[in-house]
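Down below is the structure, laid out as structure tokens.
Naming convention: chains lettered A, B, ... in sequence-line order (proteins, then strands); numbering from 1 in each chain. The model shown is predicted, which means the values in this text are computed figures rather than measured ones.
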There are 2 protein chains.
Amino acid sequence: MDVRTICLGILTRGEATGYEIKKLFEEGGYQHFIEASFGSIYPALNRLTEEGLVSVREEAQEKRPDRKVYSITLPGRAGFLAALMKPLPEDRHRSPFAFAMLFSQLLPPSRVSAMLDDHVRRNRVLLEQVSRQDAERLVPGERFVMGLGEAMMTAALTYIEAHRTEIENPESEAAE
Amino acid sequence: MDVRTICLGILTRGEATGYEIKKLFEEGGYQHFIEASFGSIYPALNRLTEEGLVSVREEAQEKRPDRKVYSITLPGRAGFLAALMKPLPEDRHRSPFAFAMLFSQLLPPSRVSAMLDDHVRRNRVLLEQVSRQDAERLVPGERFVMGLGEAMMTAALTYIEAHRTEIENPESEAAE
DNA sequence: GTTTGCATGTAAACGGTTACATGATTGG
DNA sequence: CCAATCATGTAACCGTTTACATGCAAAC
């Protein structure tokens, strides 16, 4: 799912600036599944404007930099819907953490523990950000996605806590 | 985690051809966390060879194309370890599926159901591939990672089955 | 007879990240 | 005083994907 489509989707919820879109990626509770950087958002928004899928309104502000507020247009809505109607790209979960764990026996146990701690910490932060969202305010789709993220991260944390000793201690023999 | 490092890691387990490395990504039980295409594997292997991190042995075969069997060298092992000792890139879970679900109320219910079915099916295939691995043969790190993948995918499937009706039926009112 | 498996590679295109540039204001 | 927040943007770089090229053998 490219940044253009993502921006379009966010704008179906209401107008926003590039800056606000980025914020949403950081604090909206979607962090687990989507993200984008300024370097991709701003060009995407400009291109969408050229193509007439969004419109801009420039707002001068005092004591704050000027902002460009983007709104989705009718062709934009149609284009977004069309994008969701064709086959979605596959999900991809790229995990340097999991990759590294594959080789735990080559690493000093302290390094393995540090990686586990780090991963657990990160996951907990994400989980908190999800649970901080006010469920009342969300549409069913959002509730569903956040619940899914919560379920997956909770499962990961539970699993890690239950099994980390198996790779932290260079076990000699397992009694099976 | 770039393809170079991934190839290096795989080769710590024993020699392999580019083709076999790709296979491993498809059937090794890591699918959930790592993948790479031929277009990135072959150039990576060539570069690693130039840099002396791996060595090649060319094998002529009858009735099969010739193959290049790669082995990791001592500098290669050192380089790999060094890569795992420095801070890992963050995990990223990019999910066009989750993104689309955010907008379920804009879509025809049949489309939402189809997306859910599709996602469930894909997850089940992945899960099967993981459980097909012979745990006896795996090192602890591998068992850990596959168990983690299993836990996360199972949690996702369970969640989806329990909550899909909430976005499949355009609920009028929720009784909270 | 067509698809699948084996096997390696290249080139172009793509999408995205990172770093840089600018600059005022507010909070710690 | 320094860091963070608000706010937009560009350019270089990077790694990867996609499509293409080649070709035989076995299985269906």
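Between the P atom of C:dG16 and the CG atom of A:Asn46 lies a distance of 15 Å, rounded to the nearest Å. Atom CZ in B:Phe38 sits roughly 17 Å away from atom P in D:dC20 (whole-Å rounding). Straight-line distance from the CG atom of B:Asp66 to the P atom of C:dA7: 10 Å, rounded to whole Å. What separates CD1 of B:Ile21 from C1' of C:dA7 is a distance of 13 Å, to the nearest Å. Remark: C1' of D:dA7 and OH of A:Tyr42 are 5 Å apart, rounded to the nearest angstrom. A straight line from CD of B:Glu26 to P of C:dA7 spans 14 Å, rounded to a whole angstrom. Distance CG (B:Asp2) to C1' (D:dC13): 15 Å, rounded to an integer number of Å. For the pair B:Glu62 CD and D:dA26 C1', the computed distance is 16 Å after rounding to whole Å.
The residue A:Gly18 sits close only to the backbone: its heavy atoms come under 4.0 Å of sugar-phosphate atoms, none of a base. Counting any heavy atom pair closer than 4.0 Å across all strands shown, B:Arg64 reaches a base atom. Backbone-only engagement by B:Arg94 is indicated by non-hydrogen atom pairs under 4.0 Å involving sugar-phosphate atoms exclusively. As judged by a 4.0 angstrom heavy-atom cut-off over every strand, B:Lys22 is placed among residues making no nucleic acid contact.
The side chain of A:Gln61 contributes no N or O atom lying less than 4.0 Å from OP1 or OP2 of D:dC6. Not one side-chain nitrogen or oxygen of B:Thr17 sits closer than 4.0 Å to the OP1 or OP2 atom of C:dA7. Taking 4.0 angstrom as the limit, A:Lys23 places none of its side-chain polar atoms (N or O) nearer than this to OP1 or OP2 of D:dT5.
Nearest nucleotide to the A:Pro43 side chain, out of D:dC6, C:dT25, D:dT10: D:dT10. The side chain of B:Ser40 sits closest to D:dT17 out of D:dT8, C:dA7, D:dT17. Set against D:dG9, D:dT17, C:dT8, the side chain of B:Ser37 has D:dT17 as its closest nucleotide.
Each of B:Arg92 and B:Lys68 has a nearest nucleotide on DNA chain C; the 5'-most of these lies closest to B:Lys68. Nucleotides of DNA chain C nearest to A:Pro65 and A:Ala36 differ in position, and the one nearer the 5' end is that of A:Ala36.
Using a 4.5 Å cut-off on side-chain heavy atoms (C-beta onward), A:Met1 and A:Pro89 make contact.
Ion pair A:Arg13/A:Glu142 flagged as a salt bridge, since at least one NZ, NE, NH1 or NH2 atom sits closer than 4.0 Å to an Asp/Glu carboxylate oxygen. Looking at A:Arg164 and A:Asp117, a side-chain N of the basic residue comes within less than 4.0 Å of a carboxylate O on the acidic one, giving a salt bridge.
A perpendicular orientation is assigned to the rings of A:Phe97 and B:Phe144, their planes being inclined by more than 60° (bins at 30° and 60°).
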Please test B:Thr49 against B:Asn46 for side chain to side chain donor-acceptor pair (under 3.5 Å), starting from the C-alpha separation and ending with a verdict.
-> CA-CA 5 Å; B:Thr49 308; B:Asn46 285 328; 5.1 Å; no
